[in-house]
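My questions will all concern the structure given below.
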Amino acid sequence: MVQLTSRDEAMLEWLGVVRMADVEAIRWALSGLAGDHSGSPVSRRKAQQWVARLAGVGLVDRARPNFQDGQVVWATHQAIGRSAPNLYRQTARHEVAVAAASARYLARGFAWYRDRRPASTQDHQVDGVAVRGDRIELIEVELTPKTLHRYKAIHMNHATRMTTTGVTRVVYLCTADAARVVAREADRFIFRTERARLVTLPVLDARGKWVGGDATLWDDAPAQAEGDPSVTPTLWERVG
């Protein structure tokens with residue numbers, strides 16, 4: 001019988017939500033889901049040992065796609081009842097980058113959710129939602145700028161959620177090119193009273209690899225609240 005720790009179970013649940021992650025993201029997630037919220041990852045060796053142990057019992061699998069320098073890891077059907085992700089799909093690079101963002105939020109004591117499904121064609125589903133205490137952050141990962149006409153509806157949706165649903169801020173984790181476009185379009189479509197609550201950080205390269213600093217994300221992060229029912233939003237697939 002496979003003996004899993006509570007952290008193993010949480011890691012498999014997390015992989016079920018983000019679908020796939022590189023070893024760097026595994027490092028950060030292992031730290032956060034072990035209860036270390038100092039913002040430091042475990043060593044690369046410990047992450048690789050975790051992957052090897054779970055792979056040895058068939059609960060994770062791994063491969064090295066051509067867009068990655070290293071391995072990508074996912075939970076197997078045996079672990080979560082879902083088929084393996086398609087590593088050659090156009091969105092695979094983006095999914096790995098979302099996992100990197102999620103893992104860093106876990107390492108800071110946030111819970112990670114997949115956003116609720118869009119209610120209409122005018123609604124927008126963000127890449128993830130991070131919750132800590134009474135703080136709710138909508139997270140977007142942008143590797144390439146969208147066509148300009150899409151930003152009006154997206155930014156107006158962000159503004160509505162910030163003013164009506166308790167969202168603290170919207171965080172875009174981007175390439176440098178995408179960050180400039182997102183910020184410029186936010187200046188156009190988000191009213192000045194809410195504009196400062198949409199943050200753009202150029203922390204990713206074109207492959208989705210995390211290359212920038214993120215210290216400003218955590219400067220005003222609140223202490224974690226335990227068991228506070230008022231901060232459970234209408235989201236799904238919570239992790240952390």
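What you see is a predicted model, and the numbers here were worked out from it, not measured in a lab.
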Answer yes if Val182 and Phe189 sit in the same cluster of Ile, Leu, Val, Met, Phe, Trp and Tyr residues linked by side chain heavy atoms under 4.5 Å apart, and no otherwise.
no
Where does the angle between the aromatic ring planes of His158 and His124 fall among parallel (under 30°), tilted (30 to 60°) and perpendicular (over 60°)?
perpendicular
Shortest non-hydrogen separation from Gly213 to Val203 and the atoms involved:
O-CG1, 3.3 Å
With under 30° as parallel and over 60° as perpendicular, where do the rings of Tyr105 and Trp218 fit, or are they tilted in between?
perpendicular
Quick one: do the Ser38 and Asp36 side chains pair a donor with an acceptor below 3.5 Å?
yes
With side chain to side chain contact (heavy atoms under 4.5 Å, CB included) as the test, pick out the partner of Ser102 among Trp112, Tyr113, Trp28.
Trp112
With rounding to the nearest 0.5 angstrom, report the CH2 to CG distance, Trp14 to Leu30.
8.0 Å
Can we say Arg89 and Glu95 salt-bridge, meaning some charged N sits less than 4.0 Å from an Asp/Glu carboxylate O?
yes
Got a salt bridge between Lys152 and Glu185, using NZ or NE/NH1/NH2 to carboxylate O under 4.0 Å?
no
Going by atom types only, do Asp123 and Ser120 share a side-chain donor-acceptor pair under 3.5 Å?
no
Is Asp22 salt-bridged to Arg207, going by a charged N under 4.0 Å from an acidic O?
no
A side-chain contact here means heavy atoms from C-beta on lying under 4.5 Å apart; do Leu138 and Val170 qualify?
yes
